[in-house]
Amino acid sequence: NNGSTSGTVSYAAGPSTAHYARICAAFTNNGNTGHDYFSIPSHAGNSFSGSYTLEMWAYLAAGGAATSYQTLVCKGTVLNNAFSYWLGVNKQSGKLRFAPTGSWASAIESTDPLPSGQWVHVAATYTYGGNTGTARVYVNGVLKGSGVFGGAAPFSQSALLVATSDPQFPPAQAHALAGRIDELRLWDVARSDADIANCHRLEIDGHVPGLTASY
C-alpha cells in the first residue's frame, strides 16, 4: 500500500555502521514552514485491534520544529485529539514515548533519553488480551520501559503518518520530526523481548509471519 510524501522529504545515504550505508527518509521540519512527512492510506496492515509492534531506526536531529514532542509514527490526528497509536519522542526529557490505546495522556516513556545525532533502533509493543494490555518500549533491542493499560487500540480510518501527527497543523504544533527514519516495520503481533533483541539489526527479505507493513 503506497503512501505519498509532502514537503521536501528526501532520501539520504550515510554510514550507519562500518558495514553498510543506510538509505533513509530525511525530514527537516524546521520552524513552521516546509512541513515534511509521509502519509500512508489506512489499511489492514496498519490498523490494529489487538496486539501489535512498531519498530524502526531513527536518527534525531539536535533541533527541530516541535519543542514539546516529535512524532515518529502514528495513526490518528492531533486535530481530532484521538490516536489509534502514537510513538515519538518527548523533547523535554529526550525519552521515547508510546501511547498505545489512543489516549494522548496515557503513555509510557523509556527510562533513558534517546541519543541525538546517531542512529538508534526504537520499538514499541502492545500485548492485548481480555480487558487489559501491556505496553513495552525498547531502545537498541533492550527493554526500557513498560506499563499496563485498559482496552485495545481504537479503530481509526486515519492515514498512517510518519514524522508528523497532523498535516493540517504547522510542523511545530503537529509534533513534527526533524531527523531521519529507516526500516519502519509494523506487526500484528507483539514481538517478544528475544525477537526484538535478536532481529532488530537484521534486514528483512521476503515474507515473515506477523509482518504487515514495511517501509
Side-chain angles (χ1 to χ4, degrees), residues 1-11 23-29 35-60 65-66 69-89 96-104 106-107 121-126 128 133 135 137-138 151-171 173-191 196 200 204 207-208 210-215:
N1 293 79
N2 294 326
S4 58
T5 63
S6 294
T8 56
V9 178
S10 61
Y11 294 93
I23 300 172
C24 60
F27 307 90
T28 304
N29 288 322
H35 202 166
D36 306 334
Y37 60 91
F38 272 120
S39 178
I40 301 166
S42 178
H43 62 89
N46 58 40
S47 302
F48 306 117
S49 59
S51 301
Y52 64 92
T53 299
L54 314 170
E55 64 170 323
M56 73 196 74
W57 284 92
Y59 185 105
L60 306 177
Y69 300 95
Q70 290 201 45
T71 304
L72 296 173
V73 63
C74 74
K75 198 166 193 291
T77 63
V78 169
L79 181 63
N80 295 330
N81 196 29
F83 292 94
S84 180
Y85 49 82
W86 186 92
L87 180 65
V89 181
L96 183 67
R97 181 178 176 87
F98 177 39
T101 60
S103 171
W104 176 257
S106 299
H121 185 272
V122 298
T125 67
Y126 191 58
Y128 180 71
V137 290
Y138 302 80
F155 178 76
S156 171
Q157 292 184 321
S158 297
L160 178 78
L161 297 173
V162 181
T164 188
S165 60
D166 201 318
Q168 300 183 61
F169 282 12
Q173 297 178 33
H175 309 320
L177 172 74
R180 301 177 178 184
I181 290 178
D182 190 26
E183 292 288 340
L184 171 62
R185 301 171 185 169
L186 285 72
W187 308 74
D188 63 4
V189 295
R191 302 273 282 169
I196 293 173
H200 75 281
I204 291 178
H207 175 70
V208 178
L211 181 66
T212 59
S214 179
Y215 300 96

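Count residues from 1 along the sequence.
With sequence neighbours excluded, the residues forming a ring-ring contact (aromatic ring centres under 6.0 Å, His included) with Tyr85 are Phe48, Tyr52, listed by chain and number. Under the rule for a side chain to side chain donor-acceptor pair (under 3.5 Å), Thr125 has no partner lying at least two apart in sequence or in another chain. Residues forming a side chain to side chain donor-acceptor pair (under 3.5 Å) with Thr101 (at least two apart in sequence, or on another chain): none. Taking Tyr59 as the reference, Trp119, Arg180 meet the side-chain contact (heavy atoms from CB on, under 4.5 Å) condition, with sequence neighbours excluded. Looking at residues two or more places apart in sequence or on another chain, you find a side chain to side chain donor-acceptor pair (under 3.5 Å) between Arg97 and Glu109. Partners of Ala135 according to the side-chain contact (heavy atoms from CB on, under 4.5 Å) rule, which considers only residues two or more places apart in sequence or in another chain, are Phe98, Pro100, Ile108, Tyr126, Phe149.
The two residues Leu87 and Ala124 come nearest to each other via the heavy atoms CD1-CB, 3.9 Å. Closest approach of Ile196 to Ala123, counting heavy atoms only: CD1-CB, 4.1 Å. Considering every non-hydrogen atom in both Ser47 and Ser42, the closest pair reads OG-OG, 3.5 Å. Between Ala25 and Phe38, the closest heavy-atom pair is CB-CE1, 3.6 Å. Considering all non-hydrogen atoms of both residues, Ser165 and Ala174 come closest at OG-O, 2.6 Å. Contact record, Ala190 with Thr53: CA-OG1, 3.3 Å, taken as the closest heavy-atom pair.
Ring planes of His200 and His121: tilted class, angle from 30 to 60°.
Taken from CG in Leu54 to CG in Leu72, the straight-line distance is 10.0 Å, to the nearest 0.5 Å. Distance check, rounded to the nearest 0.5 Å: SG of Cys74 to CG of Asn46 gives 11.0 Å. Rounded to the nearest 0.5 Å, atoms CG (Asn29) and NE2 (His175) are 13.0 Å apart. Atom CG of Asp36 is separated from atom OG1 of Thr28 by 5.0 Å, given to the nearest 0.5 angstrom. Note that CG of Leu160 and CG of Leu184 are 6.5 Å apart. Values are rounded to the nearest 0.5 Å. Taking CD of Gln173 as the reference point, atom CD of Gln168 lies at 12.0 Å (rounded to 0.5 Å).
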Problem set entry | Derivation and outcome, side chain to side chain contact (heavy atoms under 4.5 Å, CB included), residues Gln70 and Leu60 | CA-CA 9 Å; Gln70 290 201 45; Leu60 306 177; 5.9 Å; no
Problem set entry | Stepwise side chain to side chain contact (heavy atoms under 4.5 Å, CB included) test for Tyr37 and Thr71 | CA-CA 10 Å; Tyr37 60 91; Thr71 304; over 6 Å; no
For this session: Could you walk me through whether Leu161 and Asp166 pass the side chain to side chain contact (heavy atoms under 4.5 Å, CB included) test, one step at a time?
Result: CA-CA 8 Å; Leu161 297 173; Asp166 201 318; 5.5 Å; no
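Residues Val162 and Met56 form no side-chain contact, since every pair of their non-hydrogen atoms from C-beta on lies 4.5 Å or further apart. In this structure, Glu55 and Trp187 have side chains that are in contact, with non-hydrogen atoms separated by less than 4.5 Å. Phe169 is not listed as a side-chain neighbour of Thr164, based on a closest heavy-atom distance of 4.5 Å or more.
Under the 3.5 Å distance criterion, the side-chain polar atoms of Thr212 are matched with a main-chain donor or acceptor of Leu186.
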